[in-house]
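Working notes for the structure below.
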There are 2 protein chains.
Amino acid sequence: MTKKKVTIREIAKASGVSIATVSRYLNKVSYTSPETEKKIQKVLDEFNYTPNAIARGLAKQKSNTIAFITPDITNPFFPEMIKSIEHVAKKKGYSLLLINTKEEELNQKDFWNNLRSRYVDGFLLAQSELTSEIQDYLSQVNIPFVKIDRAVHAKENNTVSVNNFEGAKMAVNHLVDIGCKAIAHISGPKTVLTAKERLNGYLSAVEDLNLEPIIFEGDFSLESGKNITEAMLASNQNIDGVFYANDLMAIGALKTFAKQQVPIPQEIAIIGFDGIQLTEMVNPEISTIKQPVVEIGENAVTQLISLIEKPDETINRNVELNVELIVRESSRR
Amino acid sequence: MTKKKVTIREIAKASGVSIATVSRYLNKVSYTSPETEKKIQKVLDEFNYTPNAIARGLAKQKSNTIAFITPDITNPFFPEMIKSIEHVAKKKGYSLLLINTKEEELNQKDFWNNLRSRYVDGFLLAQSELTSEIQDYLSQVNIPFVKIDRAVHAKENNTVSVNNFEGAKMAVNHLVDIGCKAIAHISGPKTVLTAKERLNGYLSAVEDLNLEPIIFEGDFSLESGKNITEAMLASNQNIDGVFYANDLMAIGALKTFAKQQVPIPQEIAIIGFDGIQLTEMVNPEISTIKQPVVEIGENAVTQLISLIEKPDETINRNVELNVELIVRESSRR
DNA sequence: TTGAAAGCGCTAACAC
DNA sequence: GTGTTAGCGCTTTCAA
């Protein structure tokens with residue numbers, strides 16, 4: 001298989017046709033007579049030929065590669081999503097380039113020039129705050145892309161996200177359903193759109209229920225969940241239910257509750273948001289509003305590839321997927 | 001930047017030299033007179049030129065891309081490692097292709113042909129069982145690679161791994177140090193080399209200490225940690241210390257202990273292996289034998305790139321890094 | 001030190 | 001239907 005790299009030229013010679021014909025047959029573009037097809041196929045098998053992807057890329061200005069760009073691969077949210085993305089991409093003949101990059105880099109011409117020079121066909125932008133400068137590059141660079149995990153903004157296109165607002169309401173309503181009377185929200189950083197939407201969902205739900213809003217601002221990290229929860233307990237407001245803006249903070253909170261011997265869910269019921277696997281690994285298992293990560297990933301690549309392959313038929317769109325309430329020990333009583 | 005893709009030809013024309021000279025200057029191969037360099041550089045800046053990576057790839061038979069191949073991206077062990085790998089790779093001018101693939105696929109000619117046709121310069125093989133069939137492909141395909149997270153085998157080359165045997169001993173000795181008298185081991189699947197080494201380390205330590213070995217076989221999964229621990233408790237052997245072959249199983253065990261109200265570490269002290277972040281997120285935090293993931297990743301890429309760029313100067317080697325005992329609540333008393 | 005030109009392996013007009 | 005040929009954009013002999 002790997003002795004002499006065989007080229008299209010040798011296939012052509014061996015099957016007695018021109019390389020153009022072989023190329024046509026391989027790409028199934030325009031007709032080739034059944035007989036020649038047979039001949040070519042035979043030689044193809046015999047030589048175990050694989051077209052050179054790079055050469056093809058140069059000629060077609062296309063690499064059959066897409067990139068997944070994110071500032072933090074270690075986010076527990078991603079592995080599964082990346083897996084589903086890679087799966088779909090592979091099935092459609094694309095490879096996945098992984099780019100872990102901070103915002104600053106997205107601000108550099110070189111970054112985008114490099115993508116283009118590799119003929120990267122499209123990319124997925126996950127969890128990136130898009131400064132207007134970056135937006136400029138984005139529009140200049142002229143490579144299709146889809147945004148993931150961002151609030152669906154009226155002005156944005158090609159975004160796949162979830163219904164954060166509704167999810168937050170579901171969380172609050174669930175806590176009420178199990179009897180909570182004073183429900184606090186530990187929010188994410190105010191600068192993050194998804195965090196804002198979840199906060200708004202919380203506020204809306206609380207208002208509908210005629211409850212007092214109780215809000216503490218966290219930053220989505222485990223540590224912050226731990227610390228803010230401490231502060232919350234110290235504030236002494238008879239809170240009996242907490243909606244954490246993400247799972248990681250809820251997990252961090254568990255430590256504080258354990259240390260202070262607050263029984264969960266008996267005294268305080270809690271629920272997170274995201275649906276990362278971790279929520280099932282801790283004790284008690286944490287209720288959550290689960291995002292359909294796999295679906296998000298699949299949706300995003302599919303849209304991206306469609307954008308790449310039939311730009312004209314593909315309409316820009318904002319997909320907003322639904323979240324799901326998962327009730328576990330932390331809010332079961 | 002993205003208006004008209006500018007090529008080396010235009011740079012050449014604009015600076016009044018041949019494209020060969022521009023190419024030489026860009027690649028810093030052979031001398032070019034200072035004056036021409038000045039001229040070229042000026043034009044380069046002016047045009048904001050980036051060489052086309054694909055064209056360059058075709059000419060040099062090299063893509064400046066390496067692949068990370070693993071059967072399971074969602075392994076909590078990987079994100080951090082991948083991050084460090086991507087970081088080093090990027091610094092050296094390489095992009096990272098992520099390939100999540102089951103063993104069966106590695107058995108297919110097409111898989112390797114595809115890698116070659118893309119001129120992937122090298123790859124990292126993580127956590128893959130290498131059947132002899134795959135080994136055959138590996139040697140045929142003639143692309144440099146480095147194995148990660150495998151037991152360092154006398155017969156293998158270019159592997160980076162950790163000292164599983166010593167790590168296991170450290171774990172057992174630590175449990176003894178804090179007063180444990182009956183120490184069990186929940187092993188990994190016997191087919192996995194690292195699991196075997198850890199088991200051997202356990203056996204060796206126990207023997208040195210004149211203790212009775214108590215072994216249960218798990219499969220590295222959270223579930224198995226939970227279930228095997230149940231079985232272990234049921235077996236009623238007055239066990240007061242457990243060394244789990246990996247962290248995930250120890251985390252699963254925590255659930256069983258909680259359900260059965262076994263206080264950790266008071267009644268039973270436990271310790272895991274790997275050092276995944278999760279161990280700090282649960283309650284109690286779990287002691288572990290930490291593998292230097294970042295170092296592993298860095299070591300592996302560095303070796304790989306060296307293999308790619310100076311195959312003659314690079315000696316094959318098996319790197320065995322040291323693990324570290326991390327004492328946390330689960331074994332602190 | 002520099003330039004001309006022949007590839008790298010494939011695609012896509014264009015002609016027949 | 002099929003072949004010829006001119007690229008795709010860059011590297012690299014080989015001469016000069």
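Labels below follow one simple rule: chain letters A, B, ... track the order of the sequence lines, proteins then strands, and each chain is numbered from 1.
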*So, is B:T36 near the phosphate of C:dT2, with a side-chain N or O under 4.0 Å from OP1 or OP2?*
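Yes.
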*asked:* From the set D:dG3, C:dT2, D:dT2, return the single nucleotide nearest to any side-chain atom of A:S33.
replied: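 Looking only at heavy atoms from C-beta outward on A:S33, the closest nucleotide is D:dT2.
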Round to the nearest Å and state the distance from [X] atom [atom1] to [N] atom [atom2].
| X | N | atom1 | atom2 | answer |
| --- | --- | --- | --- | --- |
| B:K38 | C:dT1 | NZ | P | 14 Å |
| A:K62 | C:dA12 | NZ | C1' | 16 Å |
| A:I11 | C:dT11 | CD1 | C1' | 16 Å |

_Any residue meeting side-chain contact (heavy atoms from CB on, under 4.5 Å) with A:T314, in chain and number order, not counting sequence neighbours_ = A:Q303, A:S306, A:L307, A:K310
*Are side-chain heavy atoms of A:V293 and A:F78 found at a separation under 4.5 Å?*
no
*In B/S/- notation, 5' to 3', how is nucleotides 9-16 of chain D contacted by protein heavy atoms closer than 4.0 Å?*
BBBBB---
*Kindly write out the residues that satisfy ring pair (Phe, Tyr, Trp, His ring centres under 6.0 Å) with B:F145, not counting sequence neighbours, or none if the list is empty.*
B:F123
*Go through the structure and list residues passing ring pair (Phe, Tyr, Trp, His ring centres under 6.0 Å) with A:F77, not counting sequence neighbours.*
none
*Non-neighbouring partners of B:K83 that pass salt bridge (Lys or Arg N to Asp or Glu O under 4.0 Å), sequence neighbours left out*: A:D72
*asked:* Less than 6.0 angstrom separating the ring centers of A:Y137 and A:F111, yes or no?
replied: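 No, too far apart.
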*Difference in axis direction between the ends of the helix from C:dT1-D:dA16 to C:dC16-D:dG1, five pairs, 10°*: 40°
*Note: A:K90-A:E86 ion pair, threshold 4.0 Å (strictly below)*: yes
*Go through the side-chain N and O atoms of B:T32 and B:E37 and say whether any donor and acceptor fall under 3.5 Å apart.*
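Per modelled atom types, B:T32 and B:E37 side chains form a pair under 3.5 Å.
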